[in-house]
Amino acid sequence: FVRMSRSKSPVSFNFTAFFTHGFWFISRRMYFPGILMILSVMCSSLYQAYFASVFEGLSGNRLAVGSMISMILSGLEIIIMIISGLFGNRFYMNFCAKRVKKINAQVAAKKGGADEFNRELEENGGVTMLPAFSMVICYLAIMYITEKGILF
């Protein structure tokens, strides 16, 4: 965070955020962007699996439109990966700064001291793996069901 603040650059590549999409965001307690990214990638994968299952029955314009949508969705997945990798650290730094300010304001409103502030930071900060792990299990289950053709 210090290096990003000094350089004033919004870009700082994060390989984990790049390869794990929204799961990294969820492990950092940024649930909304994480779930949004996972759902977009999941919907893209589900559409592509559906399109592949009905591919043989399509011809002409329907085949062309389906292929175009599939390519656009694949491009969307790549864009999500790039944005996650390039700006994930910046998003996390901004998220942490907002949370620290909020906790500081809450402790100040209670007339608490530094010990209470530090305790609140410890309780509300850090990485949480359970929600991320749960989302990984759900994602893998849905992708397995899709790949086996159970849905389509």
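Side chains included, hydrogens not; waters and symmetry mates left out as well; all remaining heavy atoms used. Model, not experiment: these values are computed from the prediction.
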Q. Do the side chains of Thr20 and Val136 get nearer than 4.5 Å, heavy atoms only?
A. no
Q: May I ask you to decide if the ring planes of Phe91 and Phe25 are parallel, tilted or perpendicular, using 30° and 60° as cut-offs?
A: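 The arrangement is tilted - the two ring planes meet at 30° to 60°.
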Rounded to the nearest 0.5 Å, what separates atom [atom1] in [X] from atom [atom2] in [Y]?
| X | Y | atom1 | atom2 | result |
| --- | --- | --- | --- | --- |
| Asn104 | Phe117 | CG | CZ | 4.5 Å |
| Leu73 | Ile78 | CG | CD1 | 11.5 Å |
| Lys111 | Glu116 | NZ | CD | 12.5 Å |
| Lys102 | Glu120 | NZ | CD | 11.0 Å |

Q: Sorted by first residue and then second, give each side chain to side chain donor-acceptor pair (under 3.5 Å) pair with at least one member in residues 79-99; sequence neighbours left out.
A: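 Sorted result for residues 79-99: Ser12-Asn89, Asn14-Asn89.
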Do you know which two heavy atoms are closest between [X] and [Y], and how far apart they sit?
| X | Y | value |
| --- | --- | --- |
| Gly125 | Arg29 | O-NH2, 3.4 Å |
| Ser40 | Ile80 | OG-CD1, 2.9 Å |
| Ser74 | Ser44 | N-OG, 4.2 Å |
| Ile26 | Tyr31 | O-CE2, 3.7 Å |

Under 4.5 Å between side-chain heavy atoms, hopping through other hydrophobics if needed: is there a path connecting [X] to [Y]?
| X | Y | value |
| --- | --- | --- |
| Trp24 | Val127 | no |
| Met4 | Phe15 | yes |
| Phe18 | Leu36 | no |
| Leu121 | Met30 | no |
| Phe87 | Leu76 | yes |

Q.
Surrounding CZ of Phe13 (heavy atoms of other residues, nucleotides or ligands, distance under 6.0 Å), is the total greater than 12?
A.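 It does: Phe13 CZ has more than 12 such atoms within range.
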Q: Please say which of Met129, Met37, Arg28, Met135 ends up in a side-chain contact (heavy atoms from CB on, under 4.5 Å) with Phe23.
A: Met135
